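Below you'll find the structure, written out as structure tokens, and then a few comments.
What you are looking at is a predicted structure, and each value in this text was computed from that prediction instead of being measured. So you know, we letter chains A, B, ... as the sequences are listed, proteins then strands, and number each from 1.
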Amino acid sequence: MSPDLWADLAFWACGVVAVLAGAAVFYVDSMARATYALALSFVAVGVVLLLLGQAYLGAVVVLMMVMEMAVMAVYMVMFMGMNPALMPMSMVHSHRAAIGAGVGAFLLLGAGALLVPWPERRGAPDPDVTAALGEATMGSHMLVMVAISPVMVATIVAGVVLSLHRGRYDRGDRP
Amino acid sequence: MILETVLLVAAALFAVGLYGALSQQVVVMVMMGLELMINGVILALGGLWWFLAPDPSGQVLLLVVVAAMTVEMAMGFAVATLLHRQAGHDMTDMATELRR
């Protein structure tokens, strides 16, 4: 079998797993299982990114989302005070409208994907795309990184301020 | 594997995420829906990068989307924690403080 055929098979397997695991997030009857299903969906998308030549970003997506879902599972156990795997849940609202919006979005985006006359590929990827990304973020696209950095710091500060028991102006002397 | 098939899978992921974000009542589950939508965007951007213009600019854009996802996750958890502390619940339908 040719490498292209293997890549095609891997893409379809990962694509089906990503979508089915994504659907399972809202179908399984516990938050723990939903978390693992979402992690599986992200890992499948990370593998597709690897197939698309994104060695660094594919690995980042896989590693980051596995850690993020582990944090999410801990969060659920901490705040719900129970074993989330034993918690049945069907807490939905506007169910029919949401299904309609989802189906409508898929039809619209799918039609766009199939009907738009996509242009030919322009240029070829660098021999080492990871090195090219590193040089871009530290060179021609440094402004992007410079902008993201304060956003990340602001996120850390805002996250701590929001989630602290004591507010910004509360000295802790209130009953 | 062609661009259209990658975009179709991305569209399916986005649609499933949109369904979840609109239908779920628990804040964390709404966040999961948003994450799935961003998952679809990441896949679509990866496909567009590879099949249309594989230069570093597209990778930088993808990096920005991944960073945006981390911001969404961190702020979502912080807001859910605040909601839990202040009101003792984590449901979107019960967060009606601003309703008159």
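When heavy atoms are compared at a cutoff of 4.5 Å, L8(B) approaches chain A by way of both its backbone and its side chain. Proximity to chain B (any heavy atom under 4.5 Å) is shown, for L51(A), by both the backbone and the side chain. Interface residue N39(B): backbone and side-chain heavy atoms are both found under 4.5 Å from chain A. E120(A) touches chain B through its backbone: at least one of N, CA, C or O sits under 4.5 Å from a heavy atom, while the side chain does not. Of the two parts of S140(A), neither the backbone nor the side chain holds a non-hydrogen atom closer than 4.5 Å to a non-hydrogen atom of chain B. In this structure, the portion of A124(A) lying under 4.5 Å from any heavy atom of chain B is its backbone and not its side chain.
Residues A10(B) and G40(B) come closest through the heavy atom pair CB-O, 3.3 Å. Closest of all the heavy-atom pairs between W50(B) and P125(A) is CZ3-CG, 3.8 Å.
At least one side-chain heavy atom of L18(B) sits less than 4.5 Å from a side-chain heavy atom of M37(B). Proximity of V129(A) to W49(B): side-chain heavy atoms (C-beta onward) are separated by under 4.5 Å at one or more points. Two residues are said to be in side-chain contact when any heavy atoms from C-beta on lie closer than 4.5 Å; Y19(B) and H95(A) meet this criterion. With a 4.5 Å cut-off on side-chain heavy atoms, L36(B) and S41(A) count as touching. Side-chain contact between M75(B) and L162(A): present, with at least one pair of heavy atoms (C-beta onward) separated by less than 4.5 Å. Proximity of L43(B) to F14(B): side-chain heavy atoms (C-beta onward) are nowhere separated by under 4.5 Å. Residues T137(A) and V144(A) are not in side-chain contact: their nearest non-hydrogen atoms beyond the backbone lie 4.5 Å or more apart.
Heavy-atom pairs under 4.5 Å with chain A were tallied for E4(B), Q59(B), M73(B), M31(B); the largest tally goes to Q59(B). Comparing P54(B), A44(B), G76(B) by heavy-atom pairs within less than 4.5 Å of chain A, the highest count is held by P54(B). For the set L48(B), I42(B), V6(B), L61(B), the entry with the most heavy-atom pairs within less than 4.5 Å of chain A is V6(B). Contact count versus chain A (heavy atoms, under 4.5 Å) is highest, among D55(B), V64(B), L63(B), for L63(B). The greatest number of non-hydrogen atom pairs below 4.5 Å with chain A, out of V60(B), L82(B), V9(B), L3(B), is found for V60(B). Chain B forms more heavy-atom pairs under 4.5 Å with one residue of I156(A), V160(A), L133(A), V19(A) than with any other, namely L133(A). Of the listed residues (V79(B), T5(B), L83(B)), the greatest number of heavy-atom pairs within a distance under 4.5 Å of chain A belongs to T5(B). Options G53(A), A21(A), A105(A), A136(A) differ in how many heavy-atom pairs under 4.5 Å they form with chain B, and the most are formed by G53(A). Among the candidates L57(A), V48(A), L49(A), the residue making the largest number of heavy-atom pairs closer than 4.5 Å to chain B is L57(A). Of the listed residues (W12(A), F11(A), F106(A)), the one with the most heavy-atom contacts under 4.5 Å to chain B is F11(A). Note on G134(A), A158(A), A18(A), A98(A): by heavy-atom pairs under 4.5 Å with chain B, the leading option is A98(A). Comparing G104(A), G46(A), P119(A) by heavy-atom pairs within less than 4.5 Å of chain B, the highest count is held by P119(A).
Panel note: side chain D126(A), backbone D128(A); no donor-acceptor pair is recorded below 3.5 Å.
Listed by first and then second residue, the ring-ring contact (aromatic ring centres under 6.0 Å, His included) pairs involving residues 52-83 of chain B are Y75(A)-F77(B) (not counting sequence neighbours).
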